[in-house]
Each structure stands twice: as C-alpha cells, then as structure tokens.
Amino acid sequence: MLIKMQVDSEDTGELQVNVVDSSNAPVRDARVIIRKSLESPGEQDTVETLNTDISGQTEIVNLGTPPLSYSLDENNEMQPYSNYNVEIEAPGYESENIENVEVLPNSMAIQNVKLRRAEGEETEDINIPPHTLYGEYPAKIPEDDIKDVNEPGEIVLSRVVVPEYVVVHDGTPSSNAKDYYVTYKDYIKNVASSEIYATWPQSTLEANILAIMSFTLNRVYTEWYRNKGYDFTITSSTAYDQKWINGRNIFESISLVVDNIFDQYLSFPDVRQPILTQYCDGKRVRCPNWLSQWGSCNLGEQGYSTLEIIRNYYGDDMYINTAEQISGIPASWPGYSLEIGSSGEKVQQMQEQLDTIAGVYTAIPRISADGIFGEQTQQAVKAFQKIFDLPQTGVVDFATWYKISQIYVGITRLAEGIPRG
C-alpha cells in the first residue's frame with residue numbers, strides 16, 4: 001500500500017451529506033460532524049458541524065483538497081484527494097461513522113447515509129479504503145470479452161435487461177464474504193467513483209462508465225456466477241470484476257453521467273451480449289486492447305469524444321447500444337421530455353409518483369395528478385431535482401423520469417422483503 005500523504009490545501013472541493021432511515025425517509029435535524037482524517041485519531045480537528053434539513057440534507061460545504069493537477073497527471077505520486085471523517089447522530093438512531101470520505105478538488109462529493117433505529121437494527125461503520133488509482137489492488141485476471149453461452153444447462157437471459165438490483169459479493173468469488181443488494185445505478189456510481197477520478201473530462205467519464213456498465217451487464221446477461229453455483233451477480237474484487245466499496249461517497253459529476261446513460265452498454269455487430277469491457281489503470285498495469293484509465297483521461301483532455309475514446313481501445317467496430325428493458329419501473333420513459341404544456345397519461349403517471357414522494361420528502365410541494373403539466377408540477381419537479389442532485393430545470397427528461405421512478409420504488413416497495421444490506 002502506498003503511504004498516504006496529505007498536503008497543505010491549495011484547492012477546495014464540496015461535500016454534502018444526505019441522511020435517510022431504513023425506510024428511505026429523510027432524517028431531519030441529524031447532527032453531522034466533519035473532521036479532517038489524520039494519522040492519529042486523537043489529533044482530529046473538527047472542520048464543520050452541520051444539521052440536516054427537512055430533506056435529510058446538510059448544506060454544501062467547501063473543504064480543502066490537494067491541487068487539481070494531482071488528479072489529472074498520471075505521473076503524480078501524491079494523493080490527489082483529501083480524506084475526511086464524518087460522524088452522524090440523531091435522536092432515536094444509532095450513530096454512524098464514516099472514515100476517509102474522499103473529496104476531490106473542483107468536485108462535489110455526496111455521502112449518502114442510512115441510519116438504523118436504536119432498537120436492534122444492525123449498524124455498520126464504514127472505512128473507505130484508498131482509491132484504486134492510488135492504492136494497491138490486484139490486477140484484473142484476463143477473460144474472453146465475449147462469453148461462450150451455448151453450453152447445455154447454462155442460464156442466459158433472452159435479452160439485455162438493466163436489472164433493478166445487483167447482488168455484490170464483497171470479496172473474491174470463493175470467499176466467505178457478505179453479499180449486498182444494491183440498485184443497479186447506485187452500483188455503477190459506486191464503482192465509477194472508486195475506479196476513476198471525478199475531475200476527468202466529460203468524455204472520459206462517459207467512456208469509462210460505459211465500460212463499467214457493459215462489464216456489469218455482461219455478468220448479468222450471462223448469469224456468470226450463478227452458472228458457477230454462486231448466488232450473487234458480481235464481486236467487489238478487482239482481480240475478477242470491478243471495485244465496489246460498501247458505503248463509500250460518490251461524486252456529482254459521475255452521478256449525473258450515470259443518470260443520463262444508465263441504459264446503455266457496448267456491443268460488437270452481430271453479438272447479442274454486452275461486451276465484457278475489461279480495463280486497467282494503464283500506469284502500474286498495462287493492458288493492450290483494454291481501456292487504459294489514465295490513457296483515456298489524456299485522450300479526453302486532447303478533445304477526443306466518448307466514442308473515439310472507446311474505439312481507440314476496443315476497436316472501430318465497437319458501438320454504443322441500448323438495453324431492451326429496464327427492470328423494476330412502474331412505467332417507461334415516453335421518449336421525450338415532459339414540460340409545461342405537456343399532457344396525457346405519461347404526465348399523470350409522473351405526477352402520481354412525484355406526489356407520493358412528496359408525502360415523504362415534504363420540501364416537494366404536493367400536486368394533483370390531473371395529467372396536465374402546469375406551473376405547480378414544474379415547481380415540484382424543480383424541488384425534486386434539487387434534493388436528488390439533478391439540474392434544476394423543471395423539465396422531466398430521461399434522467400429525471402427514471403430518478404423519480406427509482407425514488408418512488410424505493411419508498412413504496414419495502415414490504416416486498418428485498419434485503420437491504
């Protein structure tokens with residue numbers, strides 16, 4: 001493991017903490033203490049003491065970070081982000097401690113926290129290990145990028161489906177590690193925040209996230225681990241899959257990309273399955289014909305588009321495809337944005353879901369599901385977008401539609417008994 005080195009702050013990044021309970025309802029008036037992470041816990045200095053608002057959110061705070069150049073230069077050996085420890089307390093709940101939250105310069109870090117009731121619910125403090133581009137992790141064991149799925153007895157999906165959940169085994173496949181049920185989008189945001197830096201160019205973020213999603217959907221489509229006798233979708237081991245870290249913070253820039261393209265993956269012509277798009281850092285580990293993370297950063301800075309970066313590594317016949325189905329949603333996106341003047345069944349479906357959410361997130365004004373998109377609906381949409389870190393346009397685009405659907409499902413399906421690891 002590299003020696004962690006904190007430098008005097010030269011730039012700043014942002015941090016917001018979002019707190020909910022086990023029913024996904026916001027926790028108001030939780031006390032949030034942010035301390036700079038130092039080598040000796042007894043030397044920690046309190047940086048900020050905050051309280052959550054009616055939506056379970058703290059204000060956004062600016063925190064010191066290393067220079068932006070550290071996260072853009074593959075030859076830099078200094079840690080490019082600062083670590084902060086976050087402690088959350090609220091009456092009637094167990095305290096939660098999260099160590100080594102990562103804050104990058106010119107980026108907003110989002111720390112989502114789920115508090116447990118004091119009466120017997122299991123708590124789990126979080127200690128976020130070093131980022132994969134900074135710490136030492138096992139290199140990916142090479143695999144075929146297209147799987148042979150014609151063997152008798154194998155389970156293979158009939159079409160490409162974005163799952164509602166993936167089951168993450170937090171270790172190597174054969175280890176006695178815990179399994180976590182994670183929504184697909186949250187899984188992708190977690191992996192991307194663990195594998196790449198949020199400060200990288202937009203096209204670089206998109207190319208890497210497409211590779212992460214295609215890799216994941218290949219595991220889903222081929223039922224890779226279930227065909228080997230396991231009860232999970234994917235592991236958190238970098239030797240076998242991609243790095244996922246329970247409870248880690250994500251970054252706004254990464255979250256926005258995922259929300260906008262989460263139904264996409266990478267394909268070759270005449271191949272139905274998503275491609276197992278393997279990648280490496282391109283610095284400590286070289287991987288010809290795989291995506292180089294640092295190399296993709298350099299290409300993005302040179303002005304390469306998302307598809308140009310992808311084809312630079314995976315070949316000119318690689319293209320971006322769209323999944324045929326998204327699981328766990330009450331109604332699919334209409335294919336066009338909803339805004340003032342829109343009307344019809346899709347507007348009514350959205351209004352019904354948004355008003356249900358407003359019953360829990362009371363900062364969102366209640367609306368009537370009349371199928372007419374007027375100013376009241378626009379204000380409710382803007383309030384929703386503010387809470388869930390989306391651009392506050394008041395327009396229900398692809399990202400907002402599916403975010404409304406995700407939150408609606410999250411607060412109405414708890415009775416189904418899905419484990420919430």
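Position 1 is the first residue of the sequence; numbering continues from there.
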No-hydrogen, no-angle side-chain donor-acceptor test under 3.5 Å, [X] and [Y]:
X	Y	answer
D397	S337	no
T216	Q242	yes
K189	S255	yes
S327	E164	no
N112	N18	yes
S37	E99	no
T65	T12	no
Q16	E59	no
N321	Q264	no
Q79	N83	yes

Quick check against the 3.5 Å criterion: does [X] have a side-chain atom that pairs as donor or acceptor with the backbone of [Y]?
X	Y	result
S253	A198	yes
W244	I234	no
S214	L210	no
R35	T46	no
K403	Q385	no
N97	E87	no
N100	P129	no
Q293	E195	yes
T238	A139	no
R286	G282	yes

Look at the rings of W200 and W294 and say which category their plane angle falls in: under 30° parallel, 30 to 60° tilted, over 60° perpendicular.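 Judged by the thresholds at 30° and 60°, the geometry between W200 and W294 is tilted.
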
Which label fits Y165 and Y181: parallel for a plane angle under 30°, tilted from 30 to 60°, or perpendicular past 60°?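 Y165 and Y181: perpendicular rings.
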
Which atom pairs, donor and acceptor, lie under 3.5 Å between side-chain atoms of residues 101-109 and protein residues at least two apart or in another chain?
from : atom 1 : to   : atom 2 : distance (Å)
E102 : OE1    : R248 : NH2    : 2.9
S107 : OG     : P105 : O      : 3.1

Tell me whether the centres of the aromatic rings in [X] and [Y] are closer together than 6.0 Å.
X	Y	result
Y184	F262	no
W224	Y230	no
F388	Y361	yes
Y180	H169	no

Approximate separation, where rounding is to 0.5 Å, of [X] [atom1] and [Y] [atom2]:
X	Y	atom1	atom2	value
N62	E14	CG	CD	5.0 Å
M318	N312	CE	CG	12.0 Å
L50	L15	CG	CG	8.5 Å
S405	W333	OG	CH2	14.0 Å
N218	Q278	CG	CD	9.0 Å
Q349	Q351	CD	CD	10.5 Å

Ion pair present between [X] and [Y], side-chain N to carboxylate O less than 4.0 angstrom?
X	Y	value
D170	K178	no
D241	R219	yes
K283	E77	yes
R31	E96	no

Pairwise side-chain contact, [X] with [Y], heavy-atom cut-off 4.5 Å (strictly under):
X	Y	answer
L291	N208	yes
R28	D53	no
S292	Y279	no
Y93	V19	no
I88	S95	no
P201	C297	yes
F373	V381	yes
L205	I196	yes

Please report the shortest heavy-atom distance between S55 and A363, naming the atom on each side.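 Here S55 and A363 meet closest at OG-CB, 3.4 Å.
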
Any residue meeting side chain to side chain contact (heavy atoms under 4.5 Å, CB included) with V47, in chain and number order, not counting sequence neighbours: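 V47 satisfies side chain to side chain contact (heavy atoms under 4.5 Å, CB included) with K36, L63, Y84 once adjacent residues are dropped.
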
What's the verdict on side chain to side chain donor-acceptor pair (under 3.5 Å) for T199 and S71, showing C-alpha distance, side-chain angles and the deciding distance? CA-CA 7 Å; T199 55; S71 62; 2.8 Å; yes

Trace of the side-chain contact (heavy atoms from CB on, under 4.5 Å) decision for V17 with T52: CA-CA 8 Å; V17 180; T52 56; 5.8 Å; no

I209 and I188: CA distance, side-chain angles, deciding distance, side-chain contact (heavy atoms from CB on, under 4.5 Å) verdict: CA-CA 8 Å; I209 289 168; I188 299 298; 4.1 Å; yes

Exceeds 12 heavy-atom contacts within 6.0 angstrom, atom CD of Q376: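 Check fails, neighbour count at 12 or below.
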
Heavy-atom count around Y313 OH within 6.0 Å, excluding the residue itself: above 12?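 More than 12 heavy atoms, drawn from other residues, nucleotides or ligands, come within 6.0 Å of this atom.
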
Check the pair T222 / K147 against side chain to side chain donor-acceptor pair (under 3.5 Å), numbers first and verdict last. CA-CA 8 Å; T222 62; K147 299 300 185 185; over 6 Å; no

Can you check side-chain contact (heavy atoms from CB on, under 4.5 Å) on E94 and L115, steps first, answer last? CA-CA 7 Å; E94 297 285 354; L115 292 185; over 6 Å; no

Could you work out, with salt bridge (Lys or Arg N to Asp or Glu O under 4.0 Å) as the rule, every residue matching K185, not counting sequence neighbours?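 Testing K185 for salt bridge (Lys or Arg N to Asp or Glu O under 4.0 Å), a comparison that skips the adjacent residues, returns D259.
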
Decide yes or no on side-chain contact (heavy atoms from CB on, under 4.5 Å) for Y319 and L266, but give the supporting numbers first. CA-CA 6 Å; Y319 68 99; L266 298 177; over 6 Å; no

